Each structure stands twice: as structure tokens, then as C-alpha cells.
Amino acid sequence: MNDNEVSAPGLIEPRAQQREQAIADKRSTRRNFLLHSSAIVTVAATAGVTTEALANDAAKDATADAAANLPPNIPKWTRSLGSPTASPYGKPSSYENKTIRNMYPGLKEPMSAYSTSPLQELDGAITPNGLFYERHHAGVPQIDPAEHRLMLHGLVKHPLVFTMDEIRQFPSVSPIYFLECSGNPSFLPPYGKTAAEVAGLVSCAQWTGVPLKTLLEHAGLKKEAKWIVAEGADGAAMTRSIPIEKCLDDVLLAYSQNGERLRPEQGYPIRLFVPGYEGNMSIKWLRRLHVTDQPGYTREETGKYTDLMADGRARKFSFVMDCKSIITQPSGTHKLTRKGTHEIRGIAWSGHGKITAVDISTDGGNTWKPATLQEPIISKALTAFRFLFDWNGDEQIIMSRAVDETGYVQPSLEQLIEARGTVSFYHNNAIQPWKIATTGELTNGRT
Ligand SMILES: Nc1nc2c(c(=O)[nH]1)N[C@H]1C(S)=C(S)[C@@H](COP(=O)(O)O)O[C@H]1N2
Ligand SMILES: [Mo]
């Protein structure tokens, strides 16, 4: 680190005042959702069907074609018994085989790999554990919890080594938080085709664990304690420094995710969880917490996550993930199959706290209207949003813009590049446009 490195260049200022005043919702009340849908018309046309007809149908040959399962017929799965409980650990329906992580094995080094959450297939704000994004610098270690220890040492009165059983005996909490990789995604082309390719290095779960503060109070912090250097037990021994104020605030030692123990790929048996901060600080497979009076300036901090700007200066500690959102439905590779009203759906989040608004533009950013936010709106968690819009068959560009409780408004890519350049590709929270073609097909609106 040298004098050219400063703590906060490249910041995008809050600009809530500049947000369009004229976003009053002028949505039409006349909606033509599925009124022209053939499915509904079919039901209406056959509404007068008698129970006798249904009974006759039930007796029909089970080998009849697929239409035999449609109303008013009784489908074949109603006319027979289902299988008993399927397996000790449940799986999604076999018809949902598109809802899988995109795998990107092996970046530059072998075992340095990642996978993305299929955002365009997911609903709501909680990511199922099997679809949580992954980022590993040296692969996924298989750790026996009985042999795993967490060491807490340095500027503490009582250096301690904990077993997993001991950690689970401390009072616990179960907050909901998002986790996002700072490389989600690069500023530079090629731009992704799907929402997963554009922003799939973000996920959200309910994390159960012990507040780090509890363990620090147990060990007794010395007054010189200013930082904690956390180290993983994987082959990368990934190591990052966290300011003591954050450690005493909301940092967690997490051992469970959405009710079950962490998955090996998420850091089993224990990970650090640093809410709202860039994902690489949430050290997985946590084995050591070293309390110090200064940052560790570790390999990951000097060589990697200190973002170089165009003018040669660097953003030294770019911890917090700024406010961001993305439309996930409809999004790239989806297709609108009819004109009329569609629900735009998406997710918004901010490492600074709660989402207060999401605006939608359906005209390439010229005008904006507010989306409806799904309760509960949780600080540093994904917030789902919805918005009804009418597609008249023209080419249209749709995009979302989130605002958080600090008044910060999600920037455009142009604003971000102006503030930071493109040397470092971390922390891209730009507005994401999707283009609807006259055929109804959606592609990335950024070309
Ligand atoms: N020990 C260790 N911790 C780690 C990493 C790693 O490679 N090793 N990857 C980091 C990065 S870059 C991110 S974005 C998050 C990803 O967490 P996830 O795989 O649970 O999504 O873990 C972080 N913690
Ligand atoms: Mo990351």
C-alpha cells in the first residue's frame, strides 16, 4: 500500500433528489392478462360438462394422448395412487431440470471455479441451498467437523480453540442476508445472455450461527484490537481483514443455511458471514481469527481485491456492496408469447441496509414508475419486486433501478465507468437493460 491508495475514491454519491419526480403511477386499470388465452376459453366452452361425462372419461383407455389429462378430463395421476415418500432427501420435480446452477469450472488456475444461481428461473427472495452461487479459489475441501477447530488468538486476553460442538452451544441468531461476489459481473464485454450470466453471483439465505461479538467478548478483546484477520482451511487458505467495528456489529459465525447445516461448497462446517460486504470477506471453512491492531494486507487484499482505477489510484477497502437490482422475469433468452399485460419480476439489494424503492422503465430509461416491493423488506437481504406492464408488440427496453435507505440510487454503467474506469472490474452495480424484440424474444439490451 502506498500514498496513491486512498480509502474512498470512485464513490457514487447518493442522488435521491435527482430521481425523477414524475414517477406517479399512471398505470392503466384495464388489464388484458390471460383473457385471450386459449386455455381459459377452452374451460369456458366446456363448462357445461356433466359428471356423467367425467365418469365416462375416467373409464377411457389410459394410453390416450396428453390431451386426455386436460380439463374437463380427470388426469391419469388422479386415477391412480402416487409413489410413497420418495427419498430421504427431497429433490425438485424432474420437469424442472432447467433450474440448475451455471457451472464455470477452472478459471486461470485449476480448482479456481465458480457457479451462478439461475436467477431467471427463481421466484421470491430466498435462494434454495442447492442453487446458491459458489466461488472457490482452490476447490471445495471435505472437512470432518469432528476434526475441525476454530482458533481465536492475537490481541485477546484468553486465546481459545473451539470445537464445532462448543460453537453450537453459544446463543444463536438466524438473520436473512444476501451474499454477492464483488466480481458480479465484469464491467466489460462480452455481456451475459441470461440474468444468471449478468448477475448470478448473488444469492440470499437465512443464516444461523453465533454473533462473532459473543466469541470476542468470551475471549476478551485487548484495547489495541482494531482488525480481525480471518483465514480459511481450504487449499487457498483465503485470508481477509475485517475492521473490529464491523466484527462487533453484525458479523456471524454461520454453521447453518436455510435450516440445514452449511453445504460443503458454502463453507461446511463453519464460515464467517460479513453482511453487506463483498462476498470474498465471508471466509468459508473458517479455521482462524487473528485479532490485530492493523489490517493483514494479505495476498487477497493487495493482489486482488484492491480495485485499481483509471488514474492509477486504488480503492483500498471497497467492502460494502452498493445498491443494485435486476429484472429476472422476463429476462434474456425468455420470450413473451402474447401482447398485453405481463408481470415484470426481479430482485433488489443493498449492502448499506434496506431497499426503499425500485423504479421500472419500459422505454429505455426515459421515464420511470415505481414497482411494488414484497414484504418483509429486510436490511442487507434480497427484496423481490413486481410491476405490471403492457406490451403492445413493439421493440421495448425494460430496466430496473433500485434505491436504498441511504438515498443512494443505482447508477448507469456510464456513470460507474466515469467514476472508476475499467481497469478493475469489481463492484459493477449498474442498471441492467433487457431488450424485447417485436418477436417477443428478450436479449441483453447492452451491446
Ligand atoms: N476459504 C475461502 N473462503 C472464501 C472463498 C474461498 O475461495 N476460500 N471464496 C470467497 C469468495 S470470492 C466469495 S464471492 C464467497 C462465495 O461464497 P459461496 O461460495 O458460499 O457463494 O466466498 C468467499 N470465501
Ligand atoms: Mo467473490
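Index from 1, following the sequence. Every number for a ligand or one of its atoms is a count from 1 in the order of the listing. Everything numeric in this text was worked out from a predicted model, so none of it was measured.
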Colleague: Considering only heavy atoms, which of Arg240, Lys284, Glu278 lies nearest to atom 4 (C) of ligand 1?
Modeller: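 Answer by nearest heavy atom: Lys284.
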Colleague: Please determine whether any non-hydrogen atom of Ser282 lies less than 4.0 Å from an atom of ligand 1.
Modeller: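 Ser282: in contact with ligand 1 (<4.0 Å).
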Colleague: Ignoring angles and geometry beyond distance, decide whether His137 reaches within less than 3.5 Å of ligand 1 through its nitrogen or oxygen atoms.
Modeller: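 Right, the criterion is met.
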Colleague: Please say whether more than 12 non-hydrogen atoms of neighbouring residues, nucleotides or ligands are located less than 6.0 Å from CD in Glu418.
Modeller: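 Atom CD in Glu418 is not packed in, count stays at 12 or less.
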Colleague: Tell me, with the steps shown, if Tyr255 and Trp285 meet ring-ring contact (aromatic ring centres under 6.0 Å, His included).
Modeller: CA-CA 10 Å; Tyr255 45 74; Trp285 315 291; over 10 Å; no
Colleague: Compare every heavy atom of Ile355 with every heavy atom of Ala402, then report the nearest pair and how far apart it is.
Modeller: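 Closest approach of Ala402 to Ile355, heavy atoms only: CB-CD1, 4.2 Å.
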Colleague: With only distance considered, is His136 within less than 3.5 Å of ligand 1 through an N or O on each side?
Modeller: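 There is no such contact.
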Colleague: Can you find an N/O atom of Glu180 closer than 3.5 Å to an N/O atom of ligand 1?
Modeller: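 Between Glu180 and ligand 1 (N or O atoms, distance only) the closest approach is not under 3.5 Å.
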Colleague: Is Asn280 touching ligand 1 with its side chain, its backbone, both, or neither, if touching means heavy atoms under 4.0 Å apart?
Modeller: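 For Asn280, the contact with ligand 1 is made by both the backbone and the side chain.
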Colleague: Got the closest protein heavy atom to atom 14 (S) of ligand 1, with its distance?
Modeller: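 Here the closest protein heavy atom is Tyr133 OH, 3.1 Å.
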Colleague: In ligand 1, which numbered atoms sit nearer than 4.0 Å to a non-hydrogen atom of Phe132?
Modeller: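 Listed by number with element: 21 (O).
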Colleague: Partners of Asp363 by salt bridge (charged side-chain N to carboxylate O under 4.0 Å, His left out), sequence neighbours excluded?
Modeller: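 Not a single residue meets the salt bridge (charged side-chain N to carboxylate O under 4.0 Å, His left out) criterion with Asp363.
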Colleague: What's the shortest distance from atom 15 (C) of ligand 1 to any protein heavy atom, and which residue and atom give it?
Modeller: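 Of every protein heavy atom, Gly279 O, 3.4 Å lies nearest to atom 15 (C) of ligand 1.
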Colleague: Looking only at heavy atoms of Phe273, does any of them come nearer than 4.0 Å to an atom of ligand 1?
Modeller: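 Outside the 4.0 Å threshold, so no.
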Colleague: What about Arg271: any of its N or O atoms under 3.5 Å from an N or O on ligand 1?
Modeller: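 Yes; the residue has a nitrogen or oxygen that sits under 3.5 Å from a nitrogen or oxygen of the ligand.
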Colleague: Regarding ligand 1, does Trp285 bring an N or O atom to under 3.5 Å of one of the ligand's N or O atoms?
Modeller: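 Such a contact does not occur with ligand 1.
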Colleague: Among all protein non-hydrogen atoms, which one is nearest to atom 1 (N) of ligand 1, and what is the separation to 0.1 Å?
Modeller: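 Scanning the protein heavy atoms, the shortest distance from atom 1 (N) of ligand 1 goes to Asp234 OD1, 2.9 Å.
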Colleague: Heavy atoms only, cut-off 4.0 Å: how does Leu179 contact ligand 1, side chain, backbone, both, or neither?
Modeller: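 The answer is the side chain of Leu179.
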Colleague: Measure centre to centre between the rings of Phe132 and Trp207, then say whether the value is under 6.0 Å.
Modeller: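 Judged by ring-centre distance (under 6.0 Å), Phe132 and Trp207 do meet the cut-off.
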Colleague: If only side-chain N and O atoms count, and only distance matters, is there a donor-acceptor pair under 3.5 Å linking His334 with Gln329?
Modeller: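 Side-chain D/A pair, Gln329 to His334: absent.
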Colleague: Show the atoms of ligand 1 that are less than 4.0 angstrom away from any heavy atom in Cys181.
Modeller: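 The list of qualifying atoms is 14 (S).
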Colleague: I'd like to check Val161 versus Leu150 (side-chain heavy atoms, cut-off strictly below 4.5 Å). Are they in contact?
Modeller: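 They are not in contact (no side-chain heavy atoms under 4.5 Å apart), so the answer is no.
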Colleague: So, Gln257 versus Arg263: side-chain donor-acceptor pair below 3.5 Å or not?
Modeller: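 Absent: no donor and acceptor within the cut-off.
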Colleague: Applying salt bridge (charged side-chain N to carboxylate O under 4.0 Å, His left out), name anything that partners Glu265, two or more places apart in sequence or on another chain.
Modeller: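 Once residues adjacent in sequence are excluded, the partners of Glu265 under the salt bridge (charged side-chain N to carboxylate O under 4.0 Å, His left out) criterion are Arg101.
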